[in-house]
Q: 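Let me give you the structure first, and then I'll get to my questions.
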Amino acid sequence: MSMKAPRGTVDILPKDAAKWQYAENKIKNVCNRFHFKEIRTPLFEHTEVFQRGVGDSTDIVQKEMYTFEDRGGRSLTLRPEGTASVARAFVENKLFGDPDQPVKLYYFAQMFRYERPQKGRMRQLNQFGVEVLGSADPAVDAEVIDLAMTTYKELGLKSLKLVINSLGDKESRNNHREALVKHFEPHKEELCNDCQTRLSHNPLRVLDCKTDRDHPAMKTAPSILEYLNEESRLYFEKVQEYLTLMDIDYVVDANLVRGLDYYNHTAFEIMSEAPGFGAITTLAGGGRYNGLIEELGGPNTPGIGFGMGFERLLMALDAENIEIPLDDSLDCFVVATGSDQVNKVATKLVHQLRINGIQVDKDYLERKMKGQFKAANRNNSKYVLVIGEEELESEIVNVKEMESGEQVEVPLKNIVEIVKQKLLGGKGHE
RNA sequence: GCGAUCGUGGUGAAGUGGUUAACACACCGGAUUGUGGUUCCGGCAUGCGUGGGUUCGAUCCCCAUCGGUCGCCCCA
């Protein structure tokens with residue numbers, strides 16, 4: 001086999017696609033109740049959107065982007081995440097001028113990151129995400145977190161852990177940054193290579209390092225929480241108050257540092273604690289980004305959002321053995337054997353049933369009657385209609401209920417009506 | 001980018017330096033000349049990831065390459 005899907009991509013075949021649809025519908029239902037509206041942005045953007053939106057110092061921009069030049073010599077990039085695109089769309093379409101503020105958006109989108117694939121990490125991945133633009137109310141932070149937790153809970157997940165932190169506002173961040181550099185500078189030689197560069201570019205991420213996590217200096221490092229100014233501290237407290245009154249359990253982790261440059265104030269991650277989930281446990285991550293819109297040329301507008309990995313969501317459902325209710329039954333299968341004329345009548349019958357709202361299929365491989373019944377059986381068909389030479393002549397069709405094996409004769413012209421009645425009479429059909 | 005491991009038919013999987021590569025499931029057909037889920041019988045046509053090398057001979061040995069899986073970094 002020479003034609004293969006590119007590395008890090010997968011085909012989602014019908015059996016799995018049904019699960020995706022199920023989860024998507026559940027999530028859309030939650031979004032609707034939270035009064036979020038869908039937004040769809042392009043699959044690719046000018047590279048600059050991500051360089052400025054996500055941040056030049058991030059791993060995503062530095063080594064994970066699918067960037068290419070189009071025929072006009074423009075540098076374009078397949079989106080590696082959702083927030084920058086939505087922010088760009090917000091600015092470009094002047095949504096800040098919409099009387100309905102804040103603007104509450106959600107999206108389902110493919111993302112692309114050039115990485116080595118492994119469990120829960122693909123080069124093309126799917127995310128459900130949410131962005132709220134135009135409000136700096138801590139209740140919005142709580143609402144966004146609530147939305148994420150609600151979707152997980154309604155899908156049946158139980159082993160969840162919500163971790164939150166505050167990165168503070170610009171002033172707090174700068175003060176903390178200085179303190180961090182001062183703290184780690186004397187130990188610089190003892191830290192790993194990555195951390196040595198992090199120290200100058202983004203010292204916050206040193207705290208996140210797993211190689212040096214046991215270094216003594218790590219434990220005595222200044223916590224961001226101690227450097228929050230009054231305003232930032234109060235903000236963070238408010239967010240926690242709201243979470244508590246909504247009965248959302250959380251853990252504060254001062255070392256939670258999100259990888260993207262644009263975050264400030266609230267940062268959070270939701271992880272799965274289900275056994276056998278694999279090395280990667282983060283299901284969703286997000287945070288507040290109050291300077292981003294301005295950075296992209298819009299007015300000073302606060303924002304917050306999260307991205308939720310769809311593949312990881314399905315993995316988590318699997319890890320917790322949550323059955324997804326899938327209806328793979330078929331209303332009706334038309335079995336036809338005989339002359340060309342029989343096939344014509346059968347084809348017309350199938351069409352008529354379908355336009356009358358009935359789910360129907362038939363054989364297209366010239367199988368024998370037995371084979372056609374097997375096919376009907378394989379497709380969990382509730383009813384089988386048999387048409388052959390005899391039926392053609394008498395204009396009476398055999399309607400067989402597969403489960404009971406009962407069979408009745410129905411005049412061809414009444415068939416749609418009768419099948420409809422039977423399906424409605426039988427319970428469980430929607 | 002680094003590391004480990006694997007790569008046999010539609011699927012799951014045995015296997016060996018040497019004329020016909022098991023078995024199971026699935027699928028199709030027949031027994032039952034127009035009725036399924038059980039049973040029995042039969043069929044499934046140059047194939048052992050790809051390219052080199054060693055050898056009289058390689059699916060099996062060596063090298064390379066591609067790909068899958070898992071892990072590191074980082075993240076969804």
Q: Starting from C1' on B:G29, measure out to CD on A:Glu366 and report it in whole angstrom.
A: 15 Å
Q: Quick check: A:Phe310 with A:Phe128 (ring centres under 6.0 Å apart)?
A: no
Q: Rounded to whole angstrom units, what separation is found between the CZ atom of A:Arg312 and the P atom of B:C75?
A: 11 Å
Q: For nucleotides B:A58 and B:A4, find the distance between their P atoms and express it as a whole number of Å.
A: 30 Å
Q: How far, in whole Å, is B:U59 from B:A21 if one measures between their P atoms?
A: 12 Å
Q: CD of A:Gln372 versus C1' of B:G29: gap in Å, rounded?
A: 14 Å
Q: I want to check one thing: is the phosphate of B:C70, taken as OP1 and OP2, less than 4.0 Å away from some side-chain N or O of A:Gln118?
A: no
Q: With distance as the sole criterion, do the side chain of A:Gln407 and the base of B:U35 form a donor-acceptor contact below 3.5 Å?
A: yes
Q: What closest approach, in Å, do A:Gly55 and A:Thr58 show between heavy atoms, and which atom pair accounts for it?
A: O-OG1, 2.7 Å
Q: Would you mind reading off the distance between A:Arg121 atom CZ and B:U69 atom P, rounded to a whole angstrom?
A: 13 Å
Q: Using the side-chain heavy atoms of A:Lys119, tell me which of these nucleotides is nearest: B:C70, B:C75, B:G34.
A: B:C70
Q: What about A:Glu403: does its side chain form a donor-acceptor pair under 3.5 Å with the base of B:G37?
A: no
Q: Would one find more than 12 heavy atoms of other residues, nucleotides or ligands at under 6.0 Å from atom NZ of A:Lys161?
A: no
Q: At 4.0 Å (heavy atoms only), tell me whether A:Leu283 reaches a base, stays on the sugar-phosphate, or touches nothing.
A: sugar-phosphate
Q: Roughly how many Å apart are B:A13 and B:U69, using the P atom of each and rounding to a whole number?
A: 15 Å
Q: With rounding to the closest Å, how many angstrom separate the C1' atoms on B:C60 and B:A22?
A: 16 Å
Q: Can you check nucleotides 2-5 of chain B for protein contacts, nitrogen or oxygen pairs under 3.5 Å, and list what you find?
A:
unit_1: B:C2; atom_1: N4; unit_2: A:Arg116; atom_2: NH1; d: 2.7

Q: A:Tyr114 or A:Gly405: which one's nearest nucleotide on RNA chain B is closer to the 5' end?
A: A:Tyr114
Q: When all nucleic acid strands are considered with a 4.0 Å heavy-atom cut-off, which category describes A:Glu390: base, sugar-phosphate, or nothing?
A: base
Q: Given atom CD of A:Glu115 and atom P of B:G1, what is their separation to the nearest angstrom?
A: 12 Å
Q: Report the C-alpha distance between A:Tyr262 and A:Tyr289 in whole Å, list the side-chain angles of each, state the deciding distance to 0.1 Å, and finish with yes or no for ring-ring contact (aromatic ring centres under 6.0 Å, His included).
A: CA-CA 5 Å; A:Tyr262 51 59; A:Tyr289 45 85; 5.5 Å; yes
Q: Using heavy-atom distances to pick each residue's nearest nucleotide on RNA chain B, tell me which of A:Val386 and A:Arg7 is more 5'.
A: A:Val386
Q: Please measure how far the P atom in B:A26 lies from the corresponding atom in B:C41, and state the result in whole Å.
A: 15 Å
Q: So does A:Arg367 get a side-chain nitrogen or oxygen closer than 4.0 Å to the phosphate oxygens (OP1/OP2) of B:G34?
A: no
Q: Give the minimum heavy-atom separation between A:Phe373 and A:Met402, together with the two atoms involved.
A: CD2-CE, 4.0 Å
Q: B:G30 P sits how many Å from A:Phe373 CZ, rounded?
A: 15 Å
Q: Do A:Phe50 and A:Phe44 make the cut of ring centroids closer than 6.0 angstrom?
A: no
Q: Quick one: the dot-bracket string of RNA chain B, using Watson-Crick and G-U wobble pairs with both distances under 3.5 Å, [ ] for crossing pairs and | for bases paired to another strand.
A: (((((((..(((.....[....))).(((((.......))))).....(((((..]....))))))))))))....
Q: When the distance from CE of A:Met369 to P of B:G29 is rounded to whole Å, what number comes out?
A: 13 Å
Q: In whole Å, measure the gap between the C1' atoms of B:G10 and B:C27 for me.
A: 8 Å
Q: Scan nucleotides 31-33 of chain B against the protein and return all N/O pairs shorter than 3.5 Å with their distances rounded to 0.1 Å.
A:
unit_1: B:A31; atom_1: N6; unit_2: A:Lys370; atom_2: NZ; d: 3.1

Q: Are OP1 or OP2 of B:C27 and a side-chain N or O of A:Arg378 less than 4.0 angstrom apart?
A: yes
Q: Measure the distance from CG on A:Leu385 to P on B:U35 and round it to the nearest whole Å.
A: 17 Å
Q: For atom C1', what is the distance between B:U11 and B:U35, given to the nearest Å?
A: 29 Å
